[in-house]
Trainee: 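Got a structure for you, written out below as structure tokens; questions coming shortly.
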Amino acid sequence: MINNDTNLDFLNGVVDEVAPRLLGCILERELDGRLLRGRIIEVEAYDQSDAASHSYKGKTERTAVMFGPAGHLYVYFTYGMHYCCNIVVGGEGIGAAVLIRAIDPLDGEDSMTANRNGRGGKELANGPAKVCQALGIDKRLNGHDLRKSPLRLIPAAPEAKRRITATPRIGISQAKDTLWRFLYE
DNA sequence: AGCGGGATTTTCT
DNA sequence: GAAAATCCCGCTT
């Protein structure tokens, strides 16, 4: 059942409720004629009322996508060499997004490992910049509509759901006690 | 296995 | 000019 009009309405909610719903969803990437698929297993929530968020101080050129419609991809560049990707959540003008921190490979693991310069297994995609490198995501996909090729978000099948833990987020200096990192137990 | 530091450039003050 | 939603290497236990 492949279509080009996936319903992503489940992204239209408050970010800390939507974020855990993204666990178990699938990212499907078409890259150089290959199909790469991975299941989302770790995420973090960010929104405009949150001092740790890029959107905290309002809309800028960089964060414009975060203030756009839900279901689009927000890609940012950091530490001079890494891309990280987020799924925009909440709706027009909200300024919220969910960082994809880790995925488990489902298809095209060999290609993902090659994209990661041979680092596979446990190290394949257990970090936000590693996810982007494995899936070949960079600035060119900033603002991309995730209902469309070459990068789709596929809602989680009911049987993919598992128990979820919430913890503090990684690598931030503000709002360190907010439990907005979600992962499977 | 765990820790410390360097890489490297965009973004905002 | 400083910090950054990170990663990897090399050195020490």
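Sequence lines set the chain letters: A, B, ... in the order given, protein chains first and strands last, and positions in each chain run from 1.
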Trainee: Under 4.5 Å between any side-chain heavy atoms of A:Val98 and A:Asn86, yes or no?
Mentor: no

Trainee: For C:dA5, does the base pair up with any side-chain atom of A:Tyr76 as donor and acceptor (N or O, under 3.5 Å, distance only)?
Mentor: yes

Trainee: Within 45 degrees of the ring normal and closer than 6.0 Å to the centroid, is that where the cationic atom of A:Arg169 sits relative to A:Tyr46?
Mentor: yes

Trainee: Please give the nucleotide sitting opposite C:dG10 as a Watson-Crick or G-U wobble pair, both distances under 3.5 Å, or none.
Mentor: B:dC3

Trainee: Contact between A:Ile100 and A:Ile40 at the side-chain level, heavy atoms closer than 4.5 Å - yes or no?
Mentor: yes

Trainee: In the structure shown, which nucleotide is the Watson-Crick or G-U wobble counterpart of B:dT8, with both distances under 3.5 Å?
Mentor: none

Trainee: When you measure from the centre of the six-membered ring of A:Tyr184, is the NZ or CZ of A:Arg162 closer than 6.0 Å and no more than 45° off the axis?
Mentor: yes

Trainee: Heavy atoms only, 4.0 Å cut-off, all strands: where does A:Lys139 land among base, sugar-phosphate and nothing?
Mentor: sugar-phosphate

Trainee: Treating A:Arg116 as the side-chain partner and A:Leu124 as the backbone partner, does any N or O pair qualify as donor plus acceptor under 3.5 Å?
Mentor: yes

Trainee: What is the distance, to the nearest angstrom, from the CD atom on A:Gln174 to the C1' atom on C:dA3?
Mentor: 12 Å

Trainee: For A:His82 and for A:Glu61, find the nucleotide of DNA chain B with the closest heavy atom, then tell me which residue's nucleotide is more 5'.
Mentor: A:His82

Trainee: Taking OP1 and OP2 of B:dT10, is either one under 4.0 Å from a side-chain nitrogen or oxygen of A:Thr78?
Mentor: no

Trainee: Among the candidates C:dT6, C:dA5, C:dC8, find the nucleotide nearest to the side-chain atoms of A:Tyr79.
Mentor: C:dT6

Trainee: What contact category does A:Phe77 fall into here, base, sugar-phosphate, or nothing, at under 4.0 angstrom with non-hydrogen atoms?
Mentor: sugar-phosphate

Trainee: Without decimals, in angstroms, what is the distance between A:Lys57 NZ and C:dA3 P?
Mentor: 13 Å

Trainee: What is the distance, rounded to the nearest whole Å, between atom OH of A:Tyr83 and atom P of B:dA7?
Mentor: 20 Å

Trainee: When we call it a touch if two heavy atoms are under 4.0 Å apart, what does A:Arg62 touch: a base, just sugar-phosphate, or nothing?
Mentor: sugar-phosphate

Trainee: Using whole Å, what does the distance between atom C1' of nucleotide B:dT11 and atom CG of A:Asn142 come to?
Mentor: 14 Å

Trainee: Taking the minimum atom-to-atom distance to the side chain of A:Ile172, which one of C:dA4, C:dC7, C:dA5 wins?
Mentor: C:dA5

Trainee: So, is A:Arg169 near the phosphate of C:dT6, with a side-chain N or O under 4.0 Å from OP1 or OP2?
Mentor: no

Trainee: What's the CD-C1' distance between A:Glu123 and C:dT6, to the nearest Å?
Mentor: 13 Å

Trainee: Give A:Arg181 one of three labels, base, sugar-phosphate or nothing, depending on what nucleic acid heavy atoms sit under 4.0 Å from its own.
Mentor: nothing

Trainee: Base, sugar-phosphate or nothing for A:Ala52? Non-hydrogen atoms, less than 4.0 Å.
Mentor: base

Trainee: Identify whether any heavy atom of A:Leu99 sits under 4.0 Å from a base atom; if not, whether one sits that close to sugar-phosphate; answer base, sugar-phosphate or nothing.
Mentor: base

Trainee: Rounded to whole Å, how long is the line connecting atom CZ of A:Phe182 with atom P of C:dA5?
Mentor: 19 Å

Trainee: What orientation do A:Tyr83 and A:Phe77 show, parallel under 30°, tilted 30 to 60°, or perpendicular over 60°?
Mentor: tilted

Trainee: To the nearest Å, give me how far apart OH (A:Tyr56) and C1' (C:dA3) are.
Mentor: 17 Å

Trainee: Quick one: A:Met81 CE to B:dG6 C1', roughly how many Å, whole number?
Mentor: 8 Å

